[in-house]
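First comes the structure, then the notes that go with it.
Every number for a ligand or one of its atoms is a count from 1 in the order of the listing.
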Amino acid sequence: MTIQWFPGHMTRARRQIQEKLKLIDVVIELIDARLPLSSRNPMIDEILQNKPRLIIMNKADLADPAVTKQWQDYFKEQGHPAFPVDASSGTGVKDIPAQLKLLLKEKIDRQIAKGMNPRAIRALIVGIPNVGKSTLINRLAGRSIAATGDRPGVTKGQQWIKVGGEIELLDTPGILWPKFEDQNVGYKLAVTGAIKEEILNVEDIAFFAVKYLVSYYWDPFRERFELDDSTPHNPDESDEIVAIMEAVGRKRGCLISGGRVDLEKASRTLLRELRAGKMGRFSMESPY
Ligand SMILES: Nc1nc2c(ncn2[C@@H]2O[C@H](COP(=O)(O)OP(=O)(O)OP(=O)(O)O)[C@@H](O)[C@H]2O)c(=O)[nH]1
């Protein structure tokens with residue numbers, strides 16, 4: 001799915017979320033555990049105002065667990081509980097209802113003290129495209145909910161999905177735009193597959209990924225692509241990065257006539273393997 005985030009779409013997306021906020025008690029803000037900064041909406045605090053919020057770091061199965069832990073501590077310091085989840089396998093998902101209840105405990109206790117019978121907690125999932133909103137909704141629902149496509153500009157009736165006895169989830173998530181303000185953010189989103197490759201040049205995206213990975217994850221990277229430890233890999237030497245991309249291409253048989261490496265094909269192969277977690281887990285942003 002590609003959304004062209006023109007200012008008009010952003011305004012509409014924002015308005016749609018703000019309409020939904022009137023219906024709910026708590027927001028589940030879904031972010032990518034590999035990119036907790038770049039996969040967040042730049043205006044999130046303003047958009048959500050003071051709604052209680054649970055941050056869920058999805059795709060934690062692909063992220064570096066030590067870095068994810070740092071992010072969890074960081075968000076906690078900022079006053080937001082945050083938890084890692086792998087919505088595709090379901091790891092961590094079953095704890096979400098209890099965390100939502102905990103967030104609203106004071107409100108629920110007040111209702112009970114007034115003799116009221118607390119109704120189900122109503123929740124909304126928000127996040128940027130491809131962060132795993134539908135996957136999480138299906139996991140929480142325990143069944144497959146039709147992909148409803150709540151795209152900016154498209155209106156439809158809302159339905160509530162029961163999650164256990166005490167939570168009700170809006171069936172259509174709120175779609176937010178990511179941060180675009182600097183080019184590195186765009187490249188990070190492209191490396192993780194959050195934005196389509198066509199938006200940026202695929203060889204540039206792979207170059208960006210390799211430059212980052214040789215800096216921070218050299219051992220798993222070279223092991224995956226069977227490179228010798230003596231392979232020059234200075235991230236500031238473009239020639240060395242391109243030579244590594246060519247070596248990966250040769251390993252994967254991405255060749256054109258004359259035995260030259262098809263760098264575009266090598267880039268696609270490399271990115272596909274990284275995104276599928278074949279190189280192992282990696283994070284592209286750390287809080288400290
Ligand atoms: N490895 C991994 N993949 C995930 C996880 N959650 C979702 N995915 C994958 O990420 C891709 C996007 O997931 P969706 O649930 O369609 O994301 P979405 O946010 O609903 O996307 P849009 O409809 O584009 O807004 C799919 O290929 C999922 O299988 C996760 O926790 N781990």
Side-chain angles (χ1 to χ4, degrees), residues 1-5 9-10 12-14 16-17 20 27-36 38-41 44 47 54-65 67-68 71-72 82-96 99 123-156 158-159 161 163 169-180 188-199 209 220 268 271-284:
M1 195 255 316
T2 319
I3 297 180
Q4 298 289 325
W5 290 106
H9 293 121
M10 293 185 187
R12 250 196 314 273
R14 180 180 177 164
Q16 284 191 349
I17 289 186
K20 290 174 185 192
V27 173
I28 299 173
E29 184 195 352
L30 207 56
I31 60 176
D32 188 315
R34 294 165 296 177
L35 293 177
S38 300
S39 66
R40 288 190 99 189
N41 176 274
I44 191 73
I47 293 172
L54 184 67
I55 297 178
I56 294 296
M57 295 182 275
N58 194 36
K59 309 197 185 185
D61 54 308
L62 300 174
D64 187 329
V67 180
T68 301
W71 278 109
Q72 189 171 11
F83 296 92
V85 151
D86 165 7
S88 60
S89 77
T91 306
V93 173
K94 70 173 181 346
D95 301 328
I96 292 178
Q99 294 302 335
L124 166 70
I125 294 179
V126 303
I128 66 169
N130 209 40
V131 72
K133 298 179 295 299
S134 305
T135 311
L136 182 62
I137 290 175
N138 289 339
R139 274 282 159 202
L140 284 167
R143 66 201 151 93
S144 194
I145 308 291
T148 42
D150 181 27
R151 303 292 173 249
V154 180
T155 45
K156 69 178 282 293
Q158 308 284 357
Q159 289 195 29
I161 301 160
V163 180
L169 190 65
L170 263 186
D171 69 338
T172 51
I175 301 179
L176 285 167
W177 61 97
K179 289 189 179 174
F180 288 125
K188 287 180 196 174
L189 290 166
V191 171
T192 56
I195 58 174
K196 296 258 178 256
E197 266 162 28
E198 299 86 72
I199 294 173
R268 288 192 197 288
L271 289 169
R272 197 168 48 241
E273 292 188 29
L274 295 181
R275 288 177 191 145
K278 304 273 191 218
M279 189 209 73
R281 302 165 74 161
F282 65 94
S283 296
M284 298 193 78

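- Contact detail for Ile128 and Ser39: the closest heavy-atom pair is CG2-O, 3.5 Å.
- Of the residues Gln159, Lys20, Lys133, Gln16, the one that meets the side chain to side chain donor-acceptor pair (under 3.5 Å) test with Thr172 is Lys20.
- Atoms of ligand 1 found under 4.0 Å from any heavy atom of Ser134 (numbered from 1 in listed order, with element): 15 (O), 18 (P), 20 (O).
- At least one N/O-N/O distance between Gly132 and ligand 1 falls below 3.5 Å.
- Looking at Ile47, Val126, Ile31 one by one, the single match for side-chain contact (heavy atoms from CB on, under 4.5 Å) with Asn41 turns out to be Ile47.
- Contacts between Asp61 and ligand 1, counted as non-hydrogen atom pairs separated by less than 4.0 Å, involve the side chain only.
- Looking at Leu62 against ligand 1, only its side chain comes within 4.0 Å, counting heavy atoms.
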Under 3.5 Å donor-acceptor pairs involving side-chain atoms of residues 54-62, not counting sequence neighbours:
residue, atom, partner, partner atom, Å
Asn58, OD1, Ala87, N, 3.0
Asn58, ND2, Val131, O, 2.9
Lys59, NZ, Asn130, O, 2.8

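- Applying the 4.0 Å criterion to heavy atoms of Ala87 picks out, from ligand 1, the atoms 6 (N), 30 (C), 31 (O).
- Residues satisfying the side-chain hydrogen bond (donor to acceptor under 3.5 Å, both in side chains) test with Arg14, not counting sequence neighbours, are Glu46.
- Using modelled atom types, one finds no donor on one side chain facing an acceptor on the other under 3.5 Å when comparing Asn138 with Thr135.
- Of all the listed residues (Arg275, Lys59, Lys133), Lys133 holds the heavy atom that lies closest to atom 25 (O) of ligand 1.
- The shortest N or O to N or O distance between Val131 and ligand 1 is below 3.5 Å.
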